[in-house]
Student: 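Please see the structure below; I have some questions.
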Amino acid sequence: MTTAPTPARPAEPPFRVPRDRADLHRFLQAALTLEHLTIPPYLTAMYTLRPGTNRTAFQVIRGVVVEEMLHMTLVANVLNAVGGEPKVAHSRFVTPYPARLPYSRDHITVALRHFGPDALRTFLLVERPAGIARPPGHPSVASDTGWTSVGQFYRTIATGLAELTDRLGEHALFTGDPARQVGPSDFYNSGGEVFPVTGLDSALTALRVITEQGEGADHAVYDSDDRVFGEHRRPGHYFRFNEILQQRRYGPYDTPATGPNGPPLDVSWEDAHPIDPAGTLADYPPDSEVREAADRFDETYARLLCTLETAYTGEPVVLRDSVPAMLELRDLAEWICRNPHPDPARRALGLHAAPTYEITDAHFARAWSTLLS
Amino acid sequence: MSAVPPPRERRHDVIVVGAGMAGSLIARHLGDQGWRVLVLEAGTDTLSTWEGHQEAVDTFHAALYKVPNAPYRPNAAAPSPGVADLEGLPTGGYRAHGYLLQRGPLPYSSDYLRANGGTGLHWMGLTPRMHPDDFAVRTTYGYGRDWPLGYDDLEPHYRAAEQQLGVAADAEEQREAVGLPFPEGYTYPMEAVPRSHLDHLLAGRLDGTALREEPGAPAVPLRVVTTPHARNSTPDPRYDDGHGYRPAGAVGPNAYGERCVGNASCVPICPAQAKYTPLKTQAVWGPHVTLVARAVVSRVLVTGDGRVTGVEYQRYEDPAGPVHTTHTAEADVVVLAAHAVENAKLLLHSRLAGSSDQVGRNLMDHPTLLTWALLDRPTGPFRGPGSTSGLEGFRTGPARSVRAPFRVEIANWGWAWPAGSPAGDVAELLGIPADTTAPRPGPLFGPALRQALTGRLERQFSLQFAVEQDAESRNRVTLDPRHRDRLGIPRPVLTYDLSDHVKRGLAAARNVSRELFRLLGAEDHTAYAPGPLAPGHFRFDGADLVFQGAGHGAGTHVMGDSPGTSVVDPWQRCWDHPNLYAVGCGSMPSVGTSNPSLTMAALTLRSCEQIHRDLMDLHRPVTLRPHPVDKAPAASRRPGGRP
């Protein structure tokens, strides 16, 4: 872990079950931010790999990233279904890194790290299947503990949805315009698929996919994609990352307690460009090519988020435009990461440049004007 | 799907020879009906895993010569022909190297791939239907051979094939612009693949205009029309009465297999697996299907009464090693699905189905004329599928009586096919001209090189005229026992030429291209001359022309309505052998101007119904007591019939 002071925790909704529609909107918007939080660290690990090396590891992380994107989109669907307005294209949506993992009892620092054991250990902490505490207000939960896990946070949203459905009636709660729902035509074959949320059942299924793809189902190694989507069953995110760290696959009879005992998995840790986990744009000299490229990366990332917001707020078909933006990000990131760090001291340590994900309002303004022109 | 069958399970209901598109579809359907299917594949099986696929993508990226077979390892035990096997001679004529022996005046210039998945691994993935006129060219236009079937017979099977392959297209546009009949309200599984920038540019300048291929000829209205693709785009929620369509993802359990993102390498391999390959069909094979790869069928075994009993095959462990072992497998029905040339080879070597003397004859391809030009503005080349739109106005009409018809593909990859761009341009600017005897200019590097490349590449585009070839009995596959492969199996000997009908079609295509470039205000750079890269060079009417192979081999076990004149019946069942089927493009009596895989898939799915009926008939016990009242004809009592 980094030696820097523990970063501040991103704002969390109050520790309670959502009481009304506005509260629910706030919780779901926070869930959206949470699902995005892990994407830059995962992308950083992927794109610091020397292209073509560690294919399995690359695909594992990539698979998890696309599932996080699925989760974001499912949360947006739930939020839209209850009449909310998903907001992803603003500078506060992108958490500054290093960040502290929210909804967690422990102090977990999430930094942008190159592919390596440190990055994977962070990912394991992020995706760790926890004994999930009951929602706030439950007799087993003290009123002053605060959030203890991401699973608890989602369980709380589910409870809120169910309670509000009971109180208001399903029709009164799920008032969103069905045309705003992102459907399987817009997002498919990327580890589950997006489905429209039209009522309590589909909303709860969406939340179940989000928690089980990450942490495995029913305290088992494998996720529930085979049951929900008819896809191959795969180890949950935590276990897939653990396979890389342990350099060994889970076998069909392994459990979380046994750890992976399947065939070995070859990882070459040295085939990654090391980077400074505390790096910022300001470390790159103004006017340097690296600075310019890193700035372009941030603007392209802003454009991606603008595209997503457009898709989430009434034009689901626009989601397909995110693909070229993502390919551009990949190329830019690989391009930047090839460069030794421009700062001689850090270069001497063997460090390379990397995107820093400092997405400012200026980036968003430029991105919107590009998209609108 | 299981591994090698244990000996006691040597007997199967069906043996399918070849795990390409036709074989994979047959195995899927018969397996789903509960028949025990053994699929014997001559080549290796390396791409049906995620790692194998990635490795092939790497091999392609690293290949210096990016031919269609570049991602797939050469296999000495089951060799494949390659497009680089042919060499043009300085003053015309050609020399053939490699697996196929060639003895014709012109070369058969197409390749195929012997590997699990077959040529369907490297195909472009274009899936236009044949035009209704294409099925009766002899009767209507006086050339080639007629089908014993019509468009209407095949139409439901086209729909089934479009479902199996996951076709993306616009039915309304196909109906209007091509003249294809569809059932009311039909939609394809997926929306049409979006048009390229080039398509839009050309449509802007051509749509609504008309062109005469020569002075005095009738004007052909021009319209840029989107081409159907077996490639993932956006599923159409209206498909299947509103049930929608779920696209097939990648082979292997990774979260992958998306819509086409324009990697621009459909041929030879789609990195994202958006393109259909037979491996996607194999991924849904049921437990009754057994695949054995590295099993080269050498003969079909037959009894005295003409029924086949099974096959003999040669199994090898190491494609590079000299060792193989001989095996036999038995089944009630044998289906040859090994490619037009390989099916003919197998029938000839087994001395089967020969009573009509048509086995191996009527070899066809789509001789393709390439023309290339520079537009006055950037065309956005080297992005997206190889072709996303075409011009459909030259596919049929009275002109067919005079010259072969053609379909015009608008090529998105600059001058890739005609001139090897962009690699060729890079080499040239680096001072390494393709002609090694030419003087070597000073090389360019860095920004100067990039700038020069952009200047040369950004306005490139080309047109591909796929010309219909008529069935001619002189174009044929034969065997010469003196020339054998490493397993001792005779290699195919090809005798190939183009009829004057085809040559007139190619010459007309050249004229049409000139007119199109004039209408577009494009700078025509097309030039044809003999040389090492032009084995398809010939002179016609005083002009030089060069044709390419399209990889669409067909006709070698031609289908017909009479045992005296054709090899297979309308179910693709050999007239001479009631339980031997030969399926694939080899059955096609004419090929029209459509890329043939979709039609092959439709024919194959149609044959599955008959194979199922044949197997049911074989297994039904004799009727013990005549039914007192039922006077219905036997055919109507046949059960099944549903695929």
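By convention in this document, chain letters (A, B, ...) are assigned in the order of the sequence lines, proteins followed by strands, and residues within each chain are numbered from 1.
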Student: Report, as yes or no, whether the 6.0 Å neighbourhood of atom CG on A:Asp266 holds more than 12 heavy atoms from other residues, nucleotides or ligands.
Tutor: no
Student: For chain B, which residues of residues 319-330 of chain A have at least one non-hydrogen atom nearer than 4.5 Å to it?
Tutor: A:Arg320, A:Val323, A:Leu327
Student: Side chain, backbone, both or neither: which part of B:Asp58 has an atom under 4.5 Å from a heavy atom of chain A?
Tutor: side chain
Student: More than 12 foreign heavy atoms under 6.0 Å from CD of A:Gln247: is that the case here?
Tutor: yes
Student: Would the number of heavy atoms belonging to other residues, nucleotides or ligands and lying under 6.0 Å from CZ of A:Arg55 be above 12?
Tutor: yes
Student: Take atom CZ in A:Arg248; do more than 12 heavy atoms of anything else shown fall under 6.0 Å from it?
Tutor: yes
Student: Taking all non-hydrogen atoms of both residues into account, name the closest pair between A:Ser185 and B:Pro235 and its distance.
Tutor: OG-O, 3.4 Å
